[in-house]
Amino acid sequence: MKAIAPILILLLVAGCGGRGALKPAPGQALPVKPYGAQATPTPDQLMTPSAQARPERTDELLKSSEERDSDEFDLPPR
């Protein structure tokens, strides 16, 4: 068991960080062109999230913070 553990660790580390160009699996094709698109998207374009999937924050709370007005209905409990 002690002899197998280092080999397993080396195999796990060797499998990390494999970076290569994205391409479809052998015998498979890229998805069909979306309706209304000018061209079929590349794998990189398909992996980039849309603005709807990852919306950006439109308001910065620290920049737009202001002193609150007094609230006349904020009464202590009875």
Side-chain angles (χ1 to χ4, degrees):
M1 184 68 172
K2 290 182 181 180
I4 296 174
I7 295 171
L8 288 176
I9 291 172
L10 286 175
L11 286 174
L12 288 173
V13 171
C16 294
R19 296 195 179 242
L22 294 175
K23 52 187 169 190
Q28 301 292 323
L30 287 174
V32 295
K33 178 178 76 165
Y35 181 76
Q38 299 293 330
T40 302
T42 64
D44 289 331
Q45 291 171 335
L46 290 171
M47 293 297 293
T48 305
S50 66
Q52 186 174 7
R54 291 214 158 197
E56 292 184 16
R57 190 176 177 111
T58 58
D59 58 342
E60 181 57 49
L61 297 177
L62 295 178
K63 290 181 181 176
S64 64
S65 63
E66 348 179 294
E67 191 69 31
R68 288 186 178 192
D69 295 334
S70 64
D71 185 6
E72 63 233 28
F73 296 105
D74 186 20
L75 301 173
R78 289 181 146 211

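Keep in mind that this is a model prediction, so the values were computed, not measured. Computed from heavy atoms alone, side chains included, the values below leave out hydrogens, waters and symmetry copies.
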Can you give each donor-acceptor pair under 3.5 Å made by side-chain atoms of residues 36-46, sequence neighbours left out, with the distance rounded to 0.1 Å?
| unit_1 | atom_1 | unit_2 | atom_2 | d |
| --- | --- | --- | --- | --- |
| Thr42 | OG1 | Gln45 | N | 3.3 |
| Gln45 | OE1 | Thr42 | N | 2.9 |

Problem - For Pro49, side chain to side chain contact (heavy atoms under 4.5 Å, CB included) partners two or more places apart - result: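 Counting only residues at least two positions away or on another chain, Pro49 forms a side chain to side chain contact (heavy atoms under 4.5 Å, CB included) with Ala53, Arg54.
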Exercise for the section: Check which hydrophobic residues are tied to Ile4 through side-chain heavy-atom contacts below 4.5 Å, counting indirect links as well, and list them. Expected result: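 Leu8, all in the cluster of Ile4.
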Exercise for the section: List, by chain and then residue number, the residues other than Tyr35 in its hydrophobic cluster (Ile/Leu/Val/Met/Phe/Trp/Tyr, side-chain heavy atoms under 4.5 Å); write none if there are no others. Expected result: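 Its cluster mates, by chain and number: none.
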